[in-house]
Structures are given as structure tokens and as C-alpha cells.
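Note sheet for the following structure.
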Amino acid sequence: EFVNRNDAMEKWDFDLERADKEGTIQFSKDHQIWSQLHMIQLTTKDLGMLHLAKPYILPWFDEISEAFYASVLQVESLKQMINQHSSVEKLKVTLRKHIEEMFDGLINETYLEKRMRIAAIHYRIGLEPKWYMGAFQKVQAVVFERLMLHATNPQLAIQVVHSFNKVLNLEQQLVLE
Ligand code: HEM
């Protein structure tokens, strides 16, 4: 069977038609980000989709964060980097918040600036892009897994995964800049 039903996800369903109204992209008309958003077809509908899906995904955020760090810590040099600059316990909290924000349904200047600041922090501690990209794959994989295992409406889950991938891609665009 496709779904592995769980109480928290039992009513996993929402009206796709509502998605358009639930997402906001706020930039001046001539902002350069528009062409990047356009290239990946990231629209307010995607953001709305993520916003509507957020309550269903919330119960899985801790697990997502755990899985992320389990994979990062397998790389000895990354483990040392974390212990030198911070701690896994601290980063689990900041990562969780970071991913949660991707489901807020809003992308504006503050969102972009924050993401670019975080990218700069990683650059400063010497995190190489190959590891950064590898970590994104892990985020994508765990969110995908949770959605596919627990969503009761597979069509909806696919749409949400699709929208989430776009938001992740935007972030990678910012990180590589
Ligand atoms: C800090 C997210 C990958 C190591 C942070 C912070 C966030 C974050 C939100 C907090 C920044 C702040 O203080 O405001 C992410 C995301 C990643 C990623 C979304 C990839 C998808 C990695 C990887 C490592 C890492 C692979 C491996 C070493 C760190 C360290 C800090 C940090 C050491 C603390 C830096 C400091 O405070 O000096 N990360 N991270 N991150 N991250 Fe990551």
C-alpha cells in the first residue's frame, strides 16, 4: 500500500485551489531575483502549497533534522568543523527553524538576506560547496521520504515535493552565488 497511515496525517488533504492565495512573493518589480524565480517556475502557488502542507509536516521536523545531522556527522571533517564552531544540539535547532521557514509561504527581501547571510557563515567556516550540496540532497531526501510515507493523498504529496524542491533550488542558487 502506498500510504503508511499515521494519526497526525490522517486528514492530510487540502484544497489545491486555495494554494494560489496562500503564498506571497514580495519584491520590487525590477528586482533581479524575479528572473531566477521565473527560470525555475517558482510561483506563489508553490509557496501556498508549502504553507498549506506545513501543519502536516510539522510533526516530522525533528526527525528530518536528526537524519540530516546523522548523515553530516558520518564525514569526519564535517564533524570536526561542527564541534569547532558550534554543536550538533544547537545546529539541530537552527536547521529545524530554517526548514520550517521554507514552509511559511513567504519569500521577500528579509528571507533572501537571511539565506545569504547563512551561506556567508558557511563560507566563512570553510564549508566547501560539495559538502553544502550533499547536505541539501539529504534535506530533500528526508522531506521526500516523510511526505511519501505519511501523506494520505499521493497526488498532493507529489505537488508539495515538487514545490519544496523549487524552494530548495532557489536556496542553492543563493549559496553558490
Ligand atoms: C550554522 C543551515 C549545512 C555546519 C547554520 C545555521 C543554519 C544552518 C540555519 C545557523 C546560522 C545562524 O547562526 O544564524 C544549514 C543548511 C545546510 C547546512 C540549510 C545545508 C542544507 C551544513 C553542513 C555543515 C554545517 C554540511 C557541516 C560542517 C554549520 C556550522 C554552523 C552552521 C558549524 C555554525 C556556524 C557558526 O555559528 O559559526 N547552518 N547548514 N552546516 N552550520 Fe549549517
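Counting starts at 1 for both ligands and their atoms, following the listed order.
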Of the choices Ile82, Leu91, Val93, which has the non-hydrogen atom that lies closest to atom 30 (C) of ligand 1?
Leu91

Donor on one side chain, acceptor on other, His31 and Gln36, under 3.5 Å
no

Charged N to carboxylate O under 4.0 angstrom, Lys166 versus Asp46?
yes

Of all protein heavy atoms, the one nearest atom 13 (O) of ligand 1 is Ile121 CD1, 4.0 Å

What protein heavy atom sits nearest atom 7 (C) of ligand 1, and how far away is it?
Ile118 CG2, 3.9 Å

Output the list of atoms in ligand 1 that are nearer than 4.0 Å to some heavy atom of Arg117, sorted by atom number.
14 (O)

Could you tell me whether Lys92 and Glu89 have a side-chain N and a carboxylate O separated by less than 4.0 Å?
yes

Tell me if the centroids of the rings in Tyr111 and Phe27 come within less than 6.0 Å of each other.
no

Phe144 and Phe164 aromatic centres sub-6.0 Å:
no

Near Tyr132, which atoms of ligand 1 are under 4.0 Å from a heavy atom of that residue?
17 (C), 20 (C)

Report the member of His122, Gln137, His98, Met81 with the shortest heavy-atom distance to atom 15 (C) of ligand 1.
His122

Specify the protein heavy atom at minimum distance from atom 23 (C) of ligand 1: its residue, its atom name, and the distance to 0.1 Å.
Leu127 CD2, 3.6 Å

Quick test: of every protein heavy atom, which one is nearest to atom 6 (C) of ligand 1, and how far off is it to 0.1 Å?
Thr94 OG1, 3.9 Å

Could you tell me which atoms of ligand 1, counted from 1 in the order shown, lie closer than 4.0 angstrom to a heavy atom of Phe136?
21 (C)

Which protein heavy atom lies closest to atom 16 (C) of ligand 1, and at what distance to 0.1 Å?
Leu95 CD1, 3.8 Å

Is the His122-Tyr132 ring centre distance short of 6.0 angstrom?
yes

Residue and atom name of the nearest protein heavy atom (relative to atom 26 (C) of ligand 1), distance in Å to one decimal:
Ala135 CB, 3.7 Å

